[in-house]
Amino acid sequence: MMVAKRVQNVVPSKIRELFEKASKMEDVICLGIGEPDFDTPKFIKDAAIRALKIGKTKYTPNSGIPKLREAVAEKYKKEYGIDVDTDEILMTAGAYEAVYLTFQALINEGDEVIVPDPAFPCYPNDATMTGAKSVRIALKEENEFRLIPEDVNEKITKKTKMLITCYPNNPTGGVLKKEDYKGISEICEDNNIFLLSDDIYEKIVYDYKPQCFKKYYDKTIITNSFSKTYAMTGWRIGFAIAEKEHITPMLRVHQYAVACLNAPAQEAAYEALRSDQSCVASMVKEYRKRRDYTVKKLNDIGLKTILPKGTFYCYPNIQFTGMSSSRFSEYVLKKCRVVVIPGNAFGENGEGFVRISFATEIEKIKEALDRIENVI
Ligand SMILES: Cc1ncc(COP(=O)(O)O)c(C=O)c1O
């Protein structure tokens with residue numbers, strides 16, 4: 001039987017390929033993974049355990065439990081001064097599902113979606129699954145990987161339906177200036193296109209506070225998650241925020257795909273939002289130490305690396321080695337037993353760079369970078 005056309009062009013993750021190779025080797029240090037190495041804070045886990053103990057083991061409301069959506073609304077009011085109605089919030093199985101639902105509910109076959117390059121690979125693949133075309137827009141090193149409003153303007157055609165942004169940015173660690181938020185929002189508004197802002201790294205920042213696109217433009221769809229902020233990747237809990245008329249069709253898709261999220265994860269997420277956030281501050285403090293070490297060492301080795309203001313990734317330029325980014329990653333895996341992700345896993349414009357994650361213990365980072373230094 002033929003596989004459905006819409007999945008034939010969905011590309012397997014290059015990141016997975018590398019992990020599979022690495023899993024067959026011994027003494028490998030992974031600087032590839034986009035996942036906090038911390039355990040979920042105990043008070044968050046306890047909330048889930050309590051929920052299970054008192055029998056919260058049933059289906060939950062499709063949109064998410066009301067008190068959790070209220071807590072999300074309060075977060076946006078407190079942190080960004082934005083009024084979000086609970087009806088405009090949909091709890092999802094991570095930001096992955098939130099992004100997928102956005103494409104499924106709002107994008108038609110033949111539409112164009114502007115996707116930065118490099119970018120997290122789910123965006124172009126979600127576009128492929130809806131039959132839409134991804135129009136890539138280069139993020140440049142000389143601009144510290146900001147998305148420049150004028151560059152967005154140049155890519156807009158009559159077919160453009162949505163722009164994707166992700167800041168702080170995976171894979172580059174780049175952030176936007178305040179005026180970028182305004183400029184990009186104005187372009188989306190002038191052209192009446194959706195703006196999907198994937199804000200999953202919003203809290204992993206260093207001397208920097210991100211803005212929220214929703215403050216500038218109503219037709220922003222926010223996707224966000226508990227995965228990175230609270231070290232909850234395996235819990236599969238995130239959310240989407242959009243105007244009622246747009247969240248409703250997203251809910252319809254969610255209803256028939258996932259139905260609802262599990263109750264303990266939602267209770268845990270509620271507890272996470274209600275806490276004093278010191279658990280987040282202490283994880284970020286640790287990431288900062290690792291970031292400072294990693295970036296200095298990479299620059300000392302000769303791999304030019306911009307100091308990221310957000311995320312737990314840095315994005316060294318490897319061009320002086322004369323290798324392609326795939327070749328460099330394979331070489332480093334073979335000779336040093338260290339996993340780094342080739343920049344071209346995030347788009348053609350990622351060529352010449354690799355992504356290094358510092359969501360790993362500092363001792364391992366030191367060892368891995370010493371090994372790389374030796375072969376460089
Ligand atoms: C930019 C970005 N968006 C979305 C996701 C999906 O995260 P989750 O589904 O765990 O919330 C990730 C995961 O690495 C990511 O880096």
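Indexing begins at 1, ligand by ligand and atom by atom, following the structure's order. Sequential numbering from 1 along the given sequence is applied to the chain's residues.
- A centroid separation of less than 6.0 Å is found between the aromatic rings of Y201 and F312.
- Under a 4.0 Å N-O distance rule, the pair E186/K182 qualifies as a salt bridge.
- Counting heavy-atom neighbours within 6.0 Å of K334 NZ, excluding the residue itself, gives a total of 12 or less.
- R6 contributes atom CZ, which lies 10.0 Å from atom CD of E109 (distance to the nearest 0.5 angstrom).
- When ring centroids are compared, Y287 and F38 come within the 6.0 Å threshold.
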Would you tabulate the side-chain donor-acceptor contacts of residues 231-241 under 3.5 Å, counting partners in other chains and residues two or more places apart, or write 'none'?
from, atom 1, to, atom 2, distance (Å)
T233, OG1, E35, OE2, 2.6
W235, NE1, T40, OG1, 3.0
R236, NH1, T233, O, 3.0
R236, NH2, A93, O, 3.4

Need the list: ligand 1 N/O atoms against protein N/O atoms, distance under 3.5 Å, rounded to one decimal.
from, atom 1, to, atom 2, distance (Å)
ligand 1, 3 (N), D198, OD2, 2.6
ligand 1, 9 (O), A95, N, 3.1
ligand 1, 9 (O), Y96, N, 3.0
ligand 1, 9 (O), R236, NH2, 2.7
ligand 1, 10 (O), S227, OG, 2.7
ligand 1, 10 (O), R236, NH1, 2.8
ligand 1, 11 (O), A95, N, 2.7
ligand 1, 11 (O), S225, OG, 2.6
ligand 1, 11 (O), S227, OG, 3.2
ligand 1, 14 (O), K228, NZ, 2.6
ligand 1, 16 (O), N170, ND2, 2.8
ligand 1, 16 (O), Y201, OH, 2.7

